[in-house]
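To start, the structure itself, in structure tokens.
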Amino acid sequence: QVHLVESGGGLVQAGGSLRLSCAASARTFSSNVMGWFRQAPGKVREFVAAISGGGSGTSYADSVKGRFTISRDNAENTVYLEMNSLKPEDTAVYYCAAKTGWYEIRTQRNYGYWGQGTQVTVSS
């Protein structure tokens with residue numbers, strides 16, 4: 001069982017930055033692929049970024065590549081999403097999720113554990 005708790009969301013002006021955190025309860029955290037997804041109002045939830053268990057592998061949606069950075073601290077059982085150059089279209093509820101195996105990492109149905117989400121609002 002993996003319990004995930006996101007934090008760090010808030011209101012920021014366009015061009016600003018935020019860092020999201022996701023704390024995990026799992027003793028086997030380092031064996032889990034961790035992903036970030038987001039859901040904007042009226043839209044389906046979409047993939048944002050993922051990181052392998054050891055941290056050497058990362059993947060990003062084209063819409064955030066070069067602006068967002070995913071990282072993890074396995075000693076602290078925490079995964080981060082550093083978001084820079086934020087745009088109004090980044091406004092969404094951001095969720096972290098966990099799965100095993102570095103495959104089909106952009107497909108949310110493959111993730112078995114989800115956090116409750118944290119709101120990010122970017123004003124223009």
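From a predicted model like this one, the values you see are computed outputs, not experimental measurements. No hydrogens, no waters, no symmetry mates; every other heavy atom, side chains included, goes into these values.
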Can you list the other members of the hydrophobic cluster that holds Val5, where links are side-chain heavy atoms under 4.5 angstrom apart?
-> none
Hits for side-chain hydrogen bond (donor to acceptor under 3.5 Å, both in side chains) against Glu104, two or more places apart or cross-chain, chain-then-number order -> Asn110
For Ile70 and Trp36, the nearest pair of non-hydrogen atoms, with its separation, is CD1-CD1, 3.5 Å
In residues 115-124, what donor-acceptor pairs under 3.5 Å come from side-chain atoms, sequence neighbours left out?
from, atom 1, to, atom 2, distance (Å)
Gln116, NE2, Glu6, O, 3.4
Gln116, NE2, Glu6, OE1, 3.4
Thr118, OG1, Gly9, N, 3.2
Gln119, NE2, Ala92, O, 3.4
Gln119, NE2, Thr121, OG1, 3.3

How would you list, by chain and number, every residue that makes a ring-ring contact (aromatic ring centres under 6.0 Å, His included) with Phe37, sequence neighbours excluded?
-> Phe47, Tyr111, Trp114
Shortest non-hydrogen contact from Leu4 toward Ala98 | CD1-N, 3.9 Å
All pairs passing side-chain hydrogen bond (donor to acceptor under 3.5 Å, both in side chains) where residues 90-100 contributes a residue, at least two apart | Arg38-Asp90, Arg38-Tyr94, Arg67-Asp90
Partner set under side-chain hydrogen bond (donor to acceptor under 3.5 Å, both in side chains) for Ser17, not counting sequence neighbours | Asn84
Met83 and Leu20: which non-hydrogen atoms are nearest, and at how many Å?
-> CE-CG, 3.7 Å
Check whether Ile105 and Ile51 end up in the same hydrophobic cluster, where Ile, Leu, Val, Met, Phe, Trp and Tyr are linked by side-chain heavy atoms less than 4.5 Å apart.
-> no
State, with a plain yes or no, whether a side-chain heavy atom of Val48 is found less than 4.5 Å away from one of Leu81.
-> yes
Any side-chain heavy-atom pair from Arg45 and Gln108 closer than 4.5 angstrom?
-> yes
Linked, directly or transitively: Val12 and Val93 (ILVMFWY side chains, under 4.5 Å) | no
Using the side-chain hydrogen bond (donor to acceptor under 3.5 Å, both in side chains) rule, collect all pairs that involve residues 49-60, keeping only residues at least two apart or in two chains.
-> Ser59-Arg106
Hydrophobic cluster mates of Tyr103, side-chain heavy atoms under 4.5 angstrom, ILVMFWY only, any path?
-> none
Could you check Tyr113 against His3 for side chain to side chain contact (heavy atoms under 4.5 Å, CB included), going step by step and ending with a plain yes or no?
-> CA-CA 7 Å; Tyr113 301 97; His3 184 57; over 6 Å; no
side-chain hydrogen bond (donor to acceptor under 3.5 Å, both in side chains) involving Glu82 - partner list, sequence neighbours excluded | none
Which heavy atom in Phe29 sits nearest to a heavy atom in Asn74, and how many Å separate them?
-> CE2-OD1, 3.1 Å
side-chain hydrogen bond (donor to acceptor under 3.5 Å, both in side chains) partners of Lys43, counting only residues at least two apart = none
Provide the full list of disulfide bond (SG atoms under 2.5 Å apart) pairs with a residue in residues 12-124, sequence neighbours left out, each pair given once.
-> Cys22-Cys96
Residue pairs, two or more places apart or on separate chains, that pass side-chain hydrogen bond (donor to acceptor under 3.5 Å, both in side chains) and touch residues 19-34 | none
Donor-acceptor pair, side chain of Asp73 and main chain of Glu76, under 3.5 angstrom = yes
